[in-house]
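Here's the structure, in structure tokens; my notes come after.
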Amino acid sequence: MQTPDPSSSYNPQQIENYVQTLWQENQAFKTTEDSNKEKYYCLSMFPYPSGSLHMGHVRNYTIGDVISHFQRMQGKNVLQPMGWDAFGLPAENAAIKNQKPPAEWTYANIDYMRAQLKQLGFSYDWDRELATCKPEYYRWEQWFFIQLLEKGLVYRKNSIVNWDPVDQTVLANEQVIEGRGWRSGALVERREIPQWFLKITDYAEELLAELDEMEGKWPTSVLQMQRNWIGKSQGIEIDFEVVDSNEKIRVYTTRPDTLMGATYLALAAEHPLLSSLSDPELQKFKEKCSQHGVSEASIEQLTKEGINTGLKAIHPLSGEIIPIWSANFVLMNYGTGAVMCVPAHDVRDHQFAVEYKLPIKQVIAPKPQEQQEEINTDQEAYTSKHGITVNSGEFNNLGFTNAFDRIADALEKQGKGERKINYRLRDWGVSRQRYWGCPIPVVHCEKCGTVPVSEDQLPVTLPEDVVVQGDGSPLTRLENFTQTHCPKCQQPATRETDTFDTFFESSWYFARFTCSDANAMVDKRANYWLPVDQYVGGVEHAILHLLYSRFFHKAMRDLKLINSNEPFERLLTQGMVLKNNEKMSKSKGNTVDPQPLIDRYGADTIRLFMMFASPPEQSLEWSDAGVEGASRFLKRFWHFTMAYIEEHHKEAPITDLKLAKLSESQLNFRFSTYQALEKATQDIQRNHFNTAIAAMMSLLNEAYRYLIKEQQDSALIKEALLIMIRVLAPITPHICQYLWEQINQKNELLCFQAWPEVDNNALKRTTVTIVVQVNGKIRGKIEVATNAPEENVVKAAVIAPTVKKHIENQKIIKTIYVPNKLISLVIKP
RNA sequence: GCCCAGGUGGCGGAACUGGUAGACGCAACGGACUUAAAAUCCGUCGAUAUUUGAUAUCGUGCCGGUUCGAUUCCGGCCCUGGGCACCA
């Protein structure tokens, strides 16, 4: 390796090669468990190996790397691993297109992207690298699945999927475009098939309750989204008897206070009660409902449609006969697949009632004393919970809570209903009818039914050398794979050909990184490292991935595999990377490939631009000119430092600062140095890397303007440079490592140097500038002694010329003083 | 449709807990250096009015409120983005 020439101009490629080799030779980022040091586990969401890195990856991994470097310089034992979320749909699509096995495509992508990450100089412990598509990884999730099965946290039930009748395959929601299959263009149908489910709902209460403990450590918005997603509600399950039948329809409501206003019931098209009816109109309606995707967003935006089933139900309290309708907005997947409808007090029920001319019965009215304007439930639903009951017979004149309780009591007494806490959260369906995923380790035996594979037979290995054609999973055609023996009775049996949802792999990889070579799912090293101290990733994962990971972590805890309750102590959700105000995506053809930029400017410039352009949580707009600016700053930084070493330092190394002898202007420069350090340190701690960089830019600008006249000036500049190099080290580690070597004239690793400390003496000031306001408007600035008492400040303020003319002949009736900052004078208008 | 964010100069953003709106950077413009250009360095840079100066008024998506003082808090809108359970 050639050592870069200090006399040349800034050559990022040369420096970055040199520094990366230096790290590698020293195994700088290889991490082992060390009980003498405080551990810090920093994790960025691992990438799907789609082909090459995109800007979102670069941003994500730079943020994680900055945090890792910063914590390392705080003296912590930092683990930062990297791996590959390697199973998934895009590999199958690429396989169809290229007629190559998904495995081949995936491994090639991993190799390319790994090289890109190395080029960007991220401080990963590559010894812990893992790929989820490798048997040594997924065998442990097969094992885990069997443990969950034995614990009763797994079950199989029928569930609805999108079915493409032409391609004869199950479609993901994203593959359904306006109700049609994306490849075939055929109208999508709904189809019911048996699927495996994990009982995440068993953990609903804990998953919800623990969110309160995470306040301040996770973004409030993510906590709120998770709360709403889990959606705990208190309500009542009510049975409506069907007229001339033994059947009952069970509904759930959080508004039993409006029960007396229920004028019809609505059932999902797939509701079992409707399966025996042969009315042709109803069949048509069911068919229409089945020709639609299953995603909630598309269903909620449908025009509300329904049909009268002809069936009738008996109101459990009033005994009234009410009609039973079927409606396209009621979903079999949610709750009981049936709802009671109260058009007077629910917006959607109201719309539907108006459309189909169903009766509207008002049973809640505003409290008389609070009534501001007339309400007319024929016109609009009155949804407030702050009214009182009317038209409700014995339940009249009650507020929400009382009405809830009295009606619940009445129903429970008659055995027609019961109080129930409900969660919106549904169990996690993990079966996928796809090839490129982890095989679900069960066997179907004619005699014994569905039997888990015995642990000594794991892993169930996915054959990698296959051709995918897009007409369903190739696994079903591979007899070598499907033909097996029942683990229980040893008779011939067939393997399950469904694979796991890829969220399965990403729900525990953070634990595997702590011991990626363990001959178990995890070993005791997991308890040294977990929980992850800082997790960094896209905000688009705010709900599903994070919730599933939290669930897995708790399930692993209950299997005594780990001893913490939550996987991620702190969470940083980064915003999107935009180009021309649009999310970058291949389909829009507006991606910026980082590779040419890395080749042209080097890793440090790209990293600096990414961190400077906006704070991590906000979306970042890509700008070629901005990259140019970042590059310019690094050149300035380089030239200034190298010129300084050449002119002032090389021949005659700088002597120490003599603090007592500094002049006014020298003290001012030193003040600026430490003010910048203090600001940058605080900003990095709160993840505002952009303003930390701005502070260093300002300091460099000031250093440029500062004239070196004597040794003490020289020492001050050196002090400032040593601070700049260390503060920028996490962001632009290569250039800083090199400048550190040059200025100190020795080869040592900058990444293990201590973070510079603020000298509070340098920040002491004898006077401060105070803003003077009159009636809230700024009218002047005055210079006063630090911590001056209010009366002195007021005296100085009123005689300041720009202030004086605004208070002439007026009496000051009030003053507000914010010490060292502001004095506000209030005069009569 | 439901849940969660965001909206500040020509542009990216700053203002941390209600206290100087526009730090830092980009672009633009002016100057220095140069035969010239690039690069580099120095300077100007929200709008309007009186007008060399300085000062005043307006200005943080829109409308209203609280306050001595609001980008920040409250109420109501508009727009954009993320998620909605089989994209990852």
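Letters A, B, ... are given to chains in the order of the sequence lines, protein chains preceding strands, and every chain is numbered from 1.
When Watson-Crick and G-U wobble pairs are counted only if both distances are under 3.5 Å, B:C58 pairs with B:G46. The base-pairing partner of B:U66, taking Watson-Crick or G-U wobble contacts with both distances under 3.5 Å, does not exist among the strands shown. Across all strands shown, B:U71 forms no Watson-Crick or G-U wobble pair with both distances under 3.5 Å. When both distances must be under 3.5 Å, the Watson-Crick or G-U wobble mate of B:A5 is B:U80. The partner of B:U34, taking Watson-Crick or G-U wobble pairs whose two distances both stay under 3.5 Å, does not exist in any strand shown. The base-pairing partner of B:G12, taking Watson-Crick or G-U wobble contacts with both distances under 3.5 Å, is B:C24.
With hydrogens and angles left out, the side chain of A:Gln433 and the base of B:C86 share a donor-acceptor pair within 3.5 Å. The base of B:U20 sits with one of its N or O atoms less than 3.5 Å from a complementary donor or acceptor on the side chain of A:Lys781. Between the side chain of A:Gln618 and the base of B:G13, no donor-acceptor pair under 3.5 Å is found. The base of B:C68 lies close enough to the side chain of A:Ser824 for a donor and an acceptor atom to sit less than 3.5 Å apart.
In this model, the phosphate group of B:G12 is not approached by any side-chain N or O of A:Ser623 to a distance below 4.0 Å at OP1 or OP2. Within the 4.0 Å cut-off from OP1 or OP2 of B:C41, at least one side-chain nitrogen or oxygen of A:Arg636 is found. Listed pair A:His806 / B:A56 meets the phosphate criterion, a side-chain N or O lying under 4.0 Å from OP1 or OP2. Between A:Asn701 and B:G25, a side-chain N or O to OP1/OP2 separation shorter than 4.0 Å is present. Put simply, A:Arg432 has a side-chain N or O that comes within less than 4.0 Å of OP1 or OP2 on B:C86.
In this structure, A:Gln301 atom CD and B:G83 atom P are separated by 14 Å, rounded to whole Å. The distance from atom NE2 of A:His545 to atom P of B:G82 is 19 Å, rounded to the nearest whole Å. Atom P of nucleotide B:A85 and atom CG of A:Asn173 are separated by 5 Å, given to the nearest angstrom. Protein atom CD1 of A:Ile543 is 10 Å distant from nucleotide atom P of B:A85, rounded to whole Å. If you take CD of A:Glu702 and C1' of B:C42, they are 16 Å apart, rounded to a whole angstrom. Between A:His54 atom NE2 and B:A88 atom P the separation is 13 Å, expressed in whole Å. Distance A:Phe352 CZ to B:G1 P: 19 Å, rounded to the nearest Å. Atom CG of A:Leu620 and atom P of B:G82 are 15 Å apart (whole Å).
Side chain of A:Asp683 to main chain of A:Asn690: no donor-acceptor pair is present (N/O by atom type, distance under 3.5 Å, no hydrogens or angles). Between the side chain of A:Arg550 and the backbone N or O of A:Leu207, at least one donor-acceptor pair lies under 3.5 Å.
Contact detail for A:Phe46 and A:Gly83: the closest heavy-atom pair is CB-O, 3.4 Å. Between A:Val536 and A:Ile63, the shortest heavy-atom distance links the atoms CG1-CG2, 3.7 Å.
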Could you go step by step and tell me if A:Gln224 and A:Arg227 meet the side chain to side chain donor-acceptor pair (under 3.5 Å) rule?
-> CA-CA 5 Å; A:Gln224 198 53 41; A:Arg227 282 190 192 102; 3.1 Å; yes
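Using a 4.0 Å heavy-atom distance criterion, A:Pro615 is classed as a sugar-phosphate-only contact. Note on A:Val222: nothing from the nucleic acid sits closer than 4.0 angstrom, heavy atoms only. Among the heavy atoms of the strands lying under 4.0 Å from A:Met225 is at least one base atom, whether or not backbone atoms are also near. As judged by a 4.0 angstrom heavy-atom cut-off over every strand, A:Trp428 is placed among residues making no nucleic acid contact. Across all strands, A:Phe633 comes closer than 4.0 Å to no nucleic acid atom at all (heavy-atom distances). Contact annotation for A:Leu425: base contact, defined as any heavy-atom pair under 4.0 Å involving a base atom. Nucleic acid contact for A:His57: none, since no nucleic acid atom lies under 4.0 Å from a heavy atom of the residue. Note on A:Gln195: a base of the nucleic acid sits closer than 4.0 angstrom, heavy atoms only. Counting non-hydrogen atoms under 4.0 angstrom, A:Ala542 reaches nothing in the nucleic acid.
Anti is the classification of B:G43, since its glycosidic angle lies more than 90° from 0.
Between A:Tyr138 and A:Phe500, the ring center distance fails the sub-6.0 Å criterion. Between A:Trp84 and A:Tyr509, the ring centre distance reaches or exceeds 6.0 Å.
Mapped onto RNA chain B by nearest heavy atom, A:Gln224 and A:Leu822 fall at different nucleotides, with A:Gln224 at the one closer to the 5' end. Nearest-nucleotide assignment on RNA chain B puts the 5′-proximal partner with A:Thr220, out of A:Thr220 and A:Lys679.
Here, B:U20 and B:U71 have their P atoms 10 Å apart, quoted to the whole Å. Rounded to the nearest Å, the gap between the C1' atom of B:U66 and that of B:G82 is 33 Å. Comparing B:G64 with B:A70, their P atoms are spaced 15 Å from each other, to the whole Å. Nucleotides B:A54 and B:A5 are separated by 46 Å at their P atoms, to the nearest Å. Nucleotides B:C41 and B:C33 place their C1' atoms 8 Å apart, quoted to the nearest Å. The gap from the P atom of B:C62 to that of B:U8 amounts to 10 Å, rounded to the nearest Å. Separation of the C1' atoms belonging to B:U55 and B:U60 is 24 Å when rounded to the nearest angstrom. Here, B:G65 and B:U50 have their P atoms 31 Å apart, quoted to the whole Å.
A:Thr132 is not listed as a side-chain neighbour of A:Thr502, based on a closest heavy-atom distance of 4.5 Å or more.
Under 4.0 Å is where a charged nitrogen must lie from a carboxylate oxygen, and between A:Asp427 and A:Lys199 no such pair does.
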